[in-house]
2 protein chains.
Amino acid sequence: MLQHQPPPALDPIFHALADPARRGMLERLTRGPASVSQLAEPLPMSLSAVVQHLAVLEASGLVTSRKVGRVRTCTLDTTVLSQAEKWINARRIAWERAFDRLGVYLAETKPADEA
Amino acid sequence: MLQHQPPPALDPIFHALADPARRGMLERLTRGPASVSQLAEPLPMSLSAVVQHLAVLEASGLVTSRKVGRVRTCTLDTTVLSQAEKWINARRIAWERAFDRLGVYLAETKPADEA
DNA sequence: CTGATGCTGAAGCATAAGCTGAAGTATCAA
DNA sequence: TTGATACTTCAGCTTATGCTTCAGCATCAG
């Protein structure tokens with residue numbers, strides 16, 4: 001098991017993304033790896049809370065970490081990030097195709113509404 | 001207030017996407033508008049539960065609905081869907097840039113690890 | 001060894017989520 | 001009017017989240 005992990009589920013990925021503190025941590029990680037303390041520093045909460053958010057991020061696969069000495073260094077995993085992106089993109093594309101197939105659905109249901 | 005709504009927040013969007021039942025409803029909606037009953041039909045839960053999921057989807061802006069007679073028809077809003085997509089894409093791109101800037105970060109930290 | 005640093009873990013608690021079932025409100029059909 | 005249909009709303013329950021504090025436990029510096 002060295003190069004391909006189980007496919008990351010969408011539930012934990014989107015759940016991880018649904019919190020501003022966690023998105024903040026991810027944004028920080030886009031600027032390079034960071035320690036737990038560094039991730040916690042700008043956030044208005046205890047270190048403990050940050051560690052718990054980190055656990056959510058790691059459970060989703062969005063973040064991986066390694067402990068060296070007493071410092072845990074975290075990095076972003078963009079392949080997992082792109083899983084979420086792909087799902088969204090697929091829905092959007094599918095809907096746009098459906099919209100084309102249906103023609104002007106809205107115009108057909110309500111030809112001259114005020115909205 | 002007829003053509004541009006308040007910018008949809010990411011929290012409710014990702015939260016809405018974090019549930020398989022809700023994603024199922026969205027997938028159904030990519031094949032065109034549907035009534036509440038139609039959205040509920042394949043789901044292993046009560047109509048009540050589906051209505052509550054629908055409320056979450058509407059709160060996020062991902063879905064809009066209109067009631068005509070006794071039937072509420074729901075449609076997907078892909079502009080909101082693309083908000084989420086944009087955020088993810090931006091992080092991924094930023095990280096890939098950072099990765100380039102840092103050069104082979106991993107190789108530098110652990111030149112010949114077993115992992 | 002001693003103390004500071006950087007995390008880790010377990011309680012505990014308040015709020016939010018996800019669900020059910022039961023009762024209620026508008027249609028629409030006959 | 002009667003009844004079915006299509007939601008809608010609400011009380012109530014269970015579990016999950018998000019947070020805190022406090023108590024550890026390995027580093028690392030001196």
Side-chain angles (χ1 to χ4, degrees), chain A residues 9-29 32-76 84 109-110 113, chain B residues 8-29 32-76 84 109-110:
Chain A
L10 290 171
D11 282 33
I13 297 176
F14 284 127
H15 172 237
L17 293 174
D19 186 283
R22 289 193 288 262
R23 285 198 306 278
M25 292 165 77
L26 291 177
E27 291 193 29
R28 169 61 189 81
L29 290 176
S35 70
V36 176
S37 307
Q38 287 175 324
L39 289 177
E41 191 256 352
L43 299 174
M45 63 182 72
S46 70
L47 218 205
S48 237
V50 172
V51 170
Q52 287 169 61
H53 279 302
L54 183 58
V56 172
L57 289 168
E58 292 209 55
S60 74
L62 284 165
V63 169
T64 55
S65 72
R66 274 192 75 167
K67 191 156 186 175
V68 177
R70 56 184 167 174
V71 177
R72 177 172 297 280
T73 302
C74 309
T75 53
L76 194 59
T109 12
K110 274 279 169 176
D113 201 284
Chain B
L10 289 171
D11 281 34
I13 297 176
F14 284 126
H15 173 236
L17 292 173
D19 186 284
R22 288 193 289 262
R23 284 198 308 279
M25 292 165 76
L26 291 177
E27 291 193 31
R28 169 61 189 82
L29 291 176
S35 69
V36 177
S37 306
Q38 287 175 323
L39 289 177
E41 192 256 351
L43 298 173
M45 62 182 73
S46 69
L47 220 203
S48 234
V50 172
V51 170
Q52 286 168 63
H53 279 302
L54 183 58
V56 173
L57 289 168
E58 290 209 56
S60 74
L62 284 165
V63 169
T64 55
S65 71
R66 274 190 77 167
K67 191 156 185 174
V68 177
R70 58 186 165 171
V71 177
R72 176 172 297 280
T73 302
C74 309
T75 53
L76 193 59
T109 12
K110 274 278 171 176

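Reckoned from all heavy atoms, side chains included, excluding hydrogens, waters and symmetry mates. Model, not experiment: these values are computed from the prediction. Every chain is numbered from 1, with letters handed out A, B, ... down the list of sequences.
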Would you indicate, yes or no, if D:dT8 has its OP1 or OP2 atom less than 4.0 angstrom from a side-chain nitrogen or oxygen of B:Lys67?
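True: B:Lys67 side-chain N/O within range (under 4.0 Å) of D:dT8 OP1/OP2.
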Distance test, side-chain N/O of B:Ser35 to OP1/OP2 of D:dC7, below 4.0 Å:
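For B:Ser35, the contact criterion (side-chain N or O under 4.0 Å from OP1 or OP2 of D:dC7) is met.
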Rounded to whole Å, how long is the line connecting atom [atom1] of [X] with atom [atom2] of [N]?
| X | N | atom1 | atom2 | result |
| --- | --- | --- | --- | --- |
| B:Leu39 | D:dA6 | CG | P | 14 Å |
| A:Phe14 | C:dA17 | CZ | C1' | 19 Å |
| B:Leu54 | C:dG18 | CG | C1' | 15 Å |

A:Val63 and A:Cys74: which non-hydrogen atoms are nearest, and at how many Å?
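Scanning both residues, the minimum pair turns out to be CG1-CB, 3.9 Å.
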For residues 9-18 of chain A, which side-chain donor-acceptor pairs fall under 3.5 Å, sequence neighbours excluded?
{"from": "A:Asp11", "atom 1": "OD1", "to": "B:Arg23", "atom 2": "NH1", "distance (Å)": "3.0"}
{"from": "A:Asp11", "atom 1": "OD1", "to": "B:Arg23", "atom 2": "NH2", "distance (Å)": "2.5"}

Considering only residues two or more places apart or on different chains, which pairs with a residue in residues 49-60 of chain B satisfy side chain to side chain donor-acceptor pair (under 3.5 Å)?
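Side chain to side chain donor-acceptor pair (under 3.5 Å) check on residues 49-60 of chain B returns B:Arg22-B:His53, B:Glu58-B:Ser65.
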Who pairs with [X] by side-chain contact (heavy atoms from CB on, under 4.5 Å), at least two apart in sequence or on another chain?
| X | answer |
| --- | --- |
| B:Gln38 | B:Arg28, B:Ala34, B:Ser35 |
| A:Glu41 | none |
| B:Ala55 | none |

Can you give one letter per nucleotide of nucleotides 14-27 of chain D, 5' to 3': B if a protein heavy atom sits under 4.0 Å from the base, S if only from the sugar-phosphate, - if neither?
---SSBBB-----B
